[in-house]
Amino acid sequence: MDISLKNVEYRYSADTPFERLAIQDVSIDIPSGSYTAIIGHTGSGKSTVLQHLNALLKPTKGTVLIGNREIKAGRKEKNLKGIREKVGIVFQFPEHQLFEETVEKDICFGPMNFGVSEAEAKRRAKEAVKQVGLPDNILEKSPFDLSGGQMRRVAIAGVLAMEPECIVLDEPTAGLDPRGRKEIMDLFYSLHKERGLATVLVTHSMEDAARYADKIIIMHKGTVLKIGTPLEIFSSPEELISHGLDVPDVVRFQMKLEKVFETKFDSICLTADELTQLVATFLKGRKPQ
Amino acid sequence: MELPFVVLEDISFQYDSQESLALNKINLKVYEGEWLAIVGHNGSGKSTLARLLNGLQFPKEGSITVAGISLGEDTIWDIRKHIGMVFQNPDNQFVGTTVQDDVAFGLENSGVSVDIMAERVVDSLKKVNMESFLDQEPHQLSGGQKQRVAIAGVLALRPSIIILDEATSMLDPRGRGEVIETIMKLQQQENITVISITHDLEEAAKADRIIVMNQGEVYREGTPVEIFQMDEELVGLGLDIPFPVKISKMLKHKGINLDRHYLTEEELVAELWTSHLKM
């Protein structure tokens with residue numbers, strides 16, 4: 001299922017004194033099975049774009065296509081349930097949304113709301129818990145007796161149990177320790193690889209964007225500043241920095257080296273391994289014989 | 001920096017709902033004017049420790065002394081005068097309708113007179129570079145700005161210690177930078193003791209001293225240089241190695257001669273440059 005936004009504009013509290021333009025003229029494509037990262041400052045319009053991906057917000061101008069369903073500005077849209085089932089959003093700090101008595105009930109809540117039978121929802125809960133790397137016996141526990149990291153996983157399992165075709169992640173690792181961060185990111189990456197689950201990652205982490213995404217969208221002041229592969233995006237790091245954005249550690253370090261050694265390496269490295277190899281070869285090559 | 005301002009002796013703590021100890025026999029000293037970073041995996045007991053320090057929770061065993069006062073039910077209000085806390089979520093701790101109201105909130109609660117209050121509000125906001133935002137409302141501020149207002153609110157009460165409980169973890173890189181810069185300035189210019197509980201190792205690398213927590217115990221204590229020598233051991237504890245250290249190591253593996261692992265990118269670049277000149 002492909003998702004695309006065509007010339008989308010969104011105004012919060014339109015036609016009131018509090019009206020505020022959040023995004024304008026945004027056109028992006030999220031093909032099925034892709035891994036897209038959306039980056040940008042707080043207030044750049046990332047979260048507004050995200051909420052259009054399953055019609056939580058409807059554009060005030062332009063069109064959103066989700067599969068074969070078209071959401072157009074100025075039209076009353078009914079029966080959006082199907083869309084919400086296919087596009088799952090994991091919001092920031094999703095563990096704040098846990099509410100049920102047991103983990104199992106909490107995970108079953110979503111699918112059952114979409115008309116899945118109790119037996120089927122339970123089967124899915126069991127599978128989802130396994131997918132996020134939690135033991136079976138956690139299903140009977142209260143979500144509020146779990147650690148923060150476990151609660152986050154339960155909340156993610158709740159979204160996976162809806163069996164979405166596309167999953168949208170809003171800063172999924174905020175507040176986790178480094179190991180937890182890596183585990184969660186690897187988990188989503190393997191879901192993406194193994195099941196072809198289309199993934200949209202909204203993040204501040206340039207490292208994660210560079211490591212996992214096939215395509216990066218950079219938002220700036222409510223518009224799309226740039227779209228490209230990680231290599232394309234980070235090949236002109238100066239442009240990002242001039243917009244007050246970060247670049248991955250590796251890229252920034254390469255820039256510092258290039259400046260001190262007054263040279264330009266042939267390409268931008270996106271991994272520490274590539275960069276150290278390049279630097280080692282360079283330094284050895286310059287050694288006088 | 002020689003006087004221990006906070007002393008924890010054999011502190012143990014257990015939450016009612018849990019079977020194991022959240023903190024197990026913690027011994028710890030915090031010195032006046034230092035910046036102490038406490039790192040550790042989720043659930044290692046870092047935040048519990050912070051909550052014990054100003055009496056939000058009481059230890060099961062052991063004693064806590066702050067500024068020479070032994071912490072107990074009857075002394076918590078004296079101790080809280082010495083300690084200001086800044087929490088993780090900027091939105092949960094903004095109580096005023098404007099920036100200046102928010103900073104004044106704590107002062108009002110402790111019965112400071114109006115003229116002193118006005119002076120302290122402006123003064124505290126100046127220290128965090130937010131004095132031009134006096135009448136702004138919370139929704140007009142970025143996360144980093146809100147956290148700086150939270151710090152100003154704490155500063156207005158003139159504490160000796162500020163505890164930051166993952167205060168930068170919900171911020172974007174720019175906001176994180178703003179807050180860290182503010183902390184540095186306060187510690188250096190105002191001689192405030194800073195305890196920062198964090199996952200951000202680049203932030204911890206800037207502290208004077210680091211304590212590594214693991215499963216409710218103090219696992220290791222040392223300067224950033226000492227702690228980051230632990231290397232892969234840190235990864236085993238659920239933490240990570242700062243980027244410049246990682247690069248130093250990889251370069252060594254690839255046959256580049258470095259005499260140590262560097263903690264900042266600047267040092268590493270400078271070293272690569274000078275050693276290459278000598279080659």
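Nothing here was measured: the structure is a model prediction, and the numbers come from that model. To find a chain, count down the sequence lines: A is the first, B the second, and so on, and within it residues start at 1.
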Qualifying residues under side-chain contact (heavy atoms from CB on, under 4.5 Å), relative to A:T48, sequence neighbours excluded: A:Y10, A:Y12, A:A22, A:I23, A:H52, A:L57
Residue among B:E266, B:H261, B:E202 satisfying side-chain contact (heavy atoms from CB on, under 4.5 Å) with B:P244: B:E202
Within residues 245-253 of chain A, residues adjacent to chain B where the heavy-atom gap is under 4.5 Å: A:D246, A:D249, A:V250, A:R252, A:F253
Chain A interface, residue from B:G238, B:G255, B:S169 that has the most non-hydrogen pairs under 4.5 Å: B:G238
Closest non-hydrogen atom pair, B:S248 against B:Y262: OG-N, 3.1 Å
Choice from A:H204, A:K259, A:K182 maximising heavy atom contacts with chain B below 4.5 Å: A:H204
Neighbours of chain B found in residues 267-274 of chain A - heavy atoms under 4.5 Å: A:A272, A:D273
N-O pairing of B:R260 and B:E271 below 4.0 Å: no
Aromatic plane relationship, A:H41 with A:H220 - under 30° parallel, 30 to 60° tilted, over 60° perpendicular: tilted
Step-by-step side-chain hydrogen bond (donor to acceptor under 3.5 Å, both in side chains) determination, A:E207 to A:Y212: CA-CA 9 Å; A:E207 328 302 320; A:Y212 299 105; over 6 Å; no
Part of A:Q277 lying under 4.5 Å from any heavy atom of chain B: both
Residues which pass side-chain hydrogen bond (donor to acceptor under 3.5 Å, both in side chains) with A:K226, listed by chain and number, not counting sequence neighbours: A:S236, A:E239
Check against ring-ring contact (aromatic ring centres under 6.0 Å, His included), A:F282 and A:F261: CA-CA 10 Å; A:F282 172 78; A:F261 283 88; 5.6 Å; yes
Interatomic distance, B:T264 atom OG1 to B:K206 atom NZ [nearest 0.5 angstrom]: 9.5 Å
Part of B:V39 within contact of chain A (heavy atom distance under 4.5 Å): neither
Derivation of the side-chain hydrogen bond (donor to acceptor under 3.5 Å, both in side chains) call for B:T48 and B:Y15: CA-CA 10 Å; B:T48 308; B:Y15 286 101; 3.0 Å; yes
Option in A:T276, A:D145, A:L257 with maximal non-hydrogen atom pairs under 4.5 Å from chain B: A:T276
Flag for B:N214-B:S44: side-chain donor and acceptor within less than 3.5 Å: no
Aromatic A:F93 / basic A:R152 pairing, under 6.0 angstrom, 45° off normal: yes
Proximal component of B:E265, with respect to chain A [non-hydrogen, under 4.5 Å]: both
